[in-house]
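This report concerns only the one structure given below.
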Amino acid sequence: MFSDTVAAAVQDARVDLAQLHSELRRWDLVVWTAGNVSERIVVDPQSGPGPSDLMVIKPSGVTYDALTPEAMVVCDLDGNLLDGDRVPSSDTAAHAYVYRHLRQVGGIVHTHSTYATAWAARGEAIPCVLTMMADEFGGPIPVGPFAIIGDDSIGRGIVETLRGSRSPAVLMLNHGPFTIGRDGRAAVKAAVMLEEVARTIHLARQLGAPVPIPEDAVASLHDRYQNAYGQPGSSPSVPGASQGRERPE
Ligand SMILES: O=C(CO)[C@@H](O)[C@@H](O)COP(=O)(O)O
């Protein structure tokens with residue numbers, strides 16, 4: 001079905017995703033079968049990411065203990081199942097929409113992590129009051145519209161909300177967080193850090209009014225973290241405004 005190169009990339013993604021789904025449990029971001037992770041497969045590396053790419057994603061409703069590399073399914077970016085013997089995640093349409101409209105996105109995560117989802121239930125953006133937020137999110141974490149699962153609504157809400165934000169995370173109203181990254185690991189990192197700041201700022205607000213960080217400081221913190229943090233050559237978590245995030249089509 002796939003060329004040798006694509007088949008190898010699919011197998012690598014299957015292995016990655018089995019490990020990344022275990023990370024969602026490790027960091028207490030999911031319960032039961034909630035949540036999902038996907039990765040893009042670039043079919044033609046010469047021309048780069050595009051609409052003919054594939055995605056590997058979790059099968060729907062399968063317990064995390066059973067999420068082996070072989071359990072993952074492969075879809076095209078219209079959400080059609082190409083390889084696998086299980087029904088794809090119920091969020092496949094949302095993931096596919098994001099991949100079609102944000103070509104720099106290589107990985108997507110959805111969770112119902114407790115504190116981030118509490119902010120989503122209130123429809124309140126998480127204010128940028130921590131340097132860790134400026135580092136990873138480049139500003140407040142925005143709220144996306146209420147959208148019913150099953151068509152492009154959630155994906156469209158994710159893309160349109162992130163259009164005006166540096167953030168790799170969006171809180172979908174009454175639902176929960178979706179995060180993006182240059183690969184699955186970057187998207188999982190954003191989901192982990194989202195839940196951490198959602199909890200910290202929730203606690204801070206029990207004691208008083210958190211103090212916003214000035215925008216110029218947010219921008220410089222974000223630029224440093226995305227471009228200079230860590231070991232030489234370590235890649236940023238996601239191309240944000242500082243790398244000129246591509247505007248959705
Ligand atoms: O939130 C939703 C759908 O948006 C949950 O059903 C989702 O977390 C898990 O669904 P899947 O098991 O991936 O089909």
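Atoms within each ligand, like the ligands themselves, are counted from 1 in listed order. Residues: numbered from 1 along the sequence shown.
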- ligand 1: protein residues within heavy-atom distance under 4.0 Å: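 Near ligand 1, by chain and number: Thr33, Ala34, Gly35, Asn36, Lys58, Ser60, Gly61, Ser89, Ser90, Asp91, His110, His112, Ile149, His175.
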
Could you work out, with side-chain hydrogen bond (donor to acceptor under 3.5 Å, both in side chains) as the rule, every residue matching [X], not counting sequence neighbours?
X      : answer
Arg224 : none
Thr161 : none
Asp28  : none

- Query: What about the rings of His95 and His110, do their centers lie closer together than 6.0 Å?
  - Reply: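 No, the ring of His95 stays outside the 6.0 Å limit from the ring of His110, centre to centre.
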
- Message: Could you check whether any side-chain heavy atom of Ser167 comes within less than 4.5 Å of a side-chain heavy atom of Pro140, counting everything from C-beta outward?
- Response: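 Contact flag for Ser167/Pro140 side chains = no.
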
- Message: A quick test of your reading: do over 12 heavy atoms of other residues, nucleotides or ligands sit less than 6.0 Å from CZ of Arg14?
- Response: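 Yes, CZ of Arg14 has more than 12 neighbouring heavy atoms, counting only those of other groups under 6.0 Å.
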
